[in-house]
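These notes concern the structure reproduced below.
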Amino acid sequence: MRIARFSIDGNVAFGAVEGEGPDGLVLDIIKGIPYADFELSGTKVPLSKVRLLPPVLPNKVVAIGRNYAEHAAELGNEVPDVPVAFFKPTTSVIGSGDAIEYPSFSNELHHEAELAVVIGRMCREVPRERVKDVVFGYTCANDVTARDVQQREKQWARAKGFDTSCPLGPWVETDLDPSDVTIQCTVNGEQRQLGRTSDMVRSIEDLVVHITEAMTLLPGDVILTGTPAGVGPLNVGDEVAVTIEGIGTLTNKVIKRG
């Protein structure tokens, strides 16, 4: 099931996305919240009549760096012995169709297409065999990065945590085998990244186990699983799209901040 979060006439709701094709999609409004037992209301609205919002409002976004060997190599890095984890604040999260604001303190903005894991229940110290039980679903993500700032400051808080640096969407797909799906990024229609999740150094199970050894994850929290090779520059006016097989396409335009 595809679960979207949207606004219409000043109201915010979740809905199940039904139909196919850009003109045939409708939202069946959900009674309650999707992380618990819910019912479909039967009240349907065309997707074209609503504004899509970030599909979740995470308490935290835990991102993983250098989880694809070719991406690590393209930036002159080794694959780390343990997963490199960092946070993106909730203020960095935007939805499909929202603008990425080019930060004033950077001159080198990069796209990073990623599969995002959405957590569905509060969990800590999750054993490998229970990982599937705590995952609500998957969505597309773009770990937008101020590359020059990342290299200059040697830590990633500002480079990867600035406002609008974490596009998520367009919705959460709850029925997906994420072990071997295609991840693609285009800029102005030109392909930049093309990889498969089977090329991850560490699996989703590895990442959930590793993260929950240290912290509690809450419903709606998001894990970014790393990006394939092919990262590159974004400029004001560019339209960047992340497409993941079995989920859909997350699209954002880059604008000048302020």
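Looking at heavy atoms from C-beta onward, Thr145 lies out of side-chain contact with Leu109 at the 4.5 angstrom threshold. Side-chain contact check for Asn142 versus Val240: some heavy-atom pair is nearer than 4.5 Å. Annotation: side chain of Leu47 is in contact with side chain of Trp171 (closest heavy-atom distance under 4.5 Å). No side-chain heavy atom of Val61 sits under 4.5 Å from any side-chain heavy atom of Thr90. Side-chain contact between Phe86 and Leu224 is absent, with no heavy atoms from C-beta onward closer than 4.5 Å. Within the 4.5 Å cutoff, side-chain heavy atoms of Ile223 are placed close to those of Val208. No side-chain heavy atom of Ser92 sits under 4.5 Å from any side-chain heavy atom of Thr164. Using a 4.5 Å heavy-atom threshold, the side chains of Arg130 and Thr212 count as separate.
Distance check, rounded to the nearest 0.5 Å: CD of Gln151 to CG of Asp148 gives 7.5 Å. One finds the CD1 atom of Ile119 at 5.0 Å from the CG atom of Leu217 (value rounded to the nearest 0.5 Å). To the nearest 0.5 Å, atoms CG (Leu168) and CG (Leu52) are separated by 12.5 Å. To the nearest 0.5 Å, atom CZ of residue Arg5 and atom CG of residue Leu27 are 13.0 Å apart. The CD1 atom of Ile64 sits 13.5 Å away from atom OG1 of Thr227, with the distance rounded to the nearest 0.5 Å. Separation of atoms CE (Met122) and OH (Tyr35) is listed at 15.0 Å; rounding is to 0.5 Å.
Of all heavy-atom pairs between Pro55 and Phe14, the closest is O-CE2, 3.5 Å. Between Gly42 and Asp28 the shortest heavy-atom distance is N-OD1, 2.9 Å. Residues Ile204 and Tyr138 come closest through the heavy atom pair CD1-CE2, 3.8 Å. Cys166 and Lys88 make their closest contact through CB-CE, 3.5 Å (heavy atoms, listed as atom of the first residue, atom of the second, distance). For Gly19 against Leu25, the heavy-atom pair with the smallest separation is O-CD2, 3.1 Å. Between Pro178 and Leu115, the shortest heavy-atom distance links the atoms CB-CD2, 3.8 Å.
Checked by atom type and distance alone, the side chain of Asn67 pairs as donor or acceptor with a backbone atom of Arg202 at under 3.5 Å. For Glu74 (side chain) and Gly230 (main-chain N/O), a donor-acceptor pair under 3.5 Å exists by modelled atom type. Judged purely by atom type and a 3.5 angstrom limit, Ser96 has no side-chain atom pairing as donor or acceptor with the backbone of Gly169. No donor-acceptor distance shorter than 3.5 angstrom exists from the side chain of Ser198 to the backbone of Ser179, with no hydrogens or angles considered. Side-chain N or O atoms of Lys132 include none that pairs as donor or acceptor with a backbone N or O of Glu129 at under 3.5 Å. Between the Tyr102 side chain and the Val254 main chain, no donor and acceptor come within less than 3.5 Å of each other. Gln193 places a side-chain N or O within 3.5 Å of a backbone atom of Pro228 that can act as its donor or acceptor partner. Not one N or O on the side chain of Thr249 forms a donor-acceptor pair closer than 3.5 Å with the backbone of Thr243. With His110 contributing its side chain and Leu234 its backbone, the two residues share no donor-acceptor pair below 3.5 Å. Under a 3.5 Å cut-off, the side chain of Thr225 and the backbone N or O of Ala116 do not form any donor-acceptor pair.
Applying the side-chain hydrogen bond (donor to acceptor under 3.5 Å, both in side chains) rule to pairs touching residues 46-60 yields Arg51-Asp98, Lys60-Asp221, sequence neighbours excluded.
Remark: Arg158 qualifies as a cation-pi partner of Phe105 under the 6.0 Å distance and 45° angle criteria applied to the six-membered ring.
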Steps toward side-chain hydrogen bond (donor to acceptor under 3.5 Å, both in side chains) verdict (His71, Arg66): CA-CA 7 Å; His71 168 61; Arg66 302 171 187 169; over 6 Å; no
If you apply the rule salt bridge (charged side-chain N to carboxylate O under 4.0 Å, His left out), what do you find for Asp206 with Arg128, and how did you get there? CA-CA 7 Å; Asp206 293 334; Arg128 176 177 296 275; 2.3 Å; yes
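Within 6.0 Å of the CE atom in Met215, the count of heavy atoms belonging to other residues, nucleotides or ligands exceeds 12. Within 6.0 Å of CD in Glu70 there are 12 or fewer heavy atoms belonging to other residues, nucleotides or ligands. Applying the 6.0 Å contact sphere to CD of Gln155 captures more than 12 heavy atoms from other residues, nucleotides or ligands.
Neither Leu57 nor Val117 shares a network with the other; the hydrophobic side chains, linked directly or stepwise wherever heavy atoms of I, L, V, M, F, W or Y lie under 4.5 Å apart, form separate groups for each.
Between Asp143 and Lys160 a salt bridge is recorded (basic side-chain N to carboxylate O distance below 4.0 Å). Looking at Arg196 and Glu245, a side-chain N of the basic residue comes within less than 4.0 Å of a carboxylate O on the acidic one, giving a salt bridge. Using a 4.0 Å cut-off between charged side-chain N and carboxylate O, Asp175 and Arg2 make no salt bridge. Between Glu112 and Arg147 there is a salt bridge, with a side-chain nitrogen of the basic residue lying less than 4.0 Å from a carboxylate oxygen of the acidic one. Salt-bridge check for Glu101 with Lys256: failed, with every basic side-chain N at 4.0 Å or more from each acidic carboxylate O.
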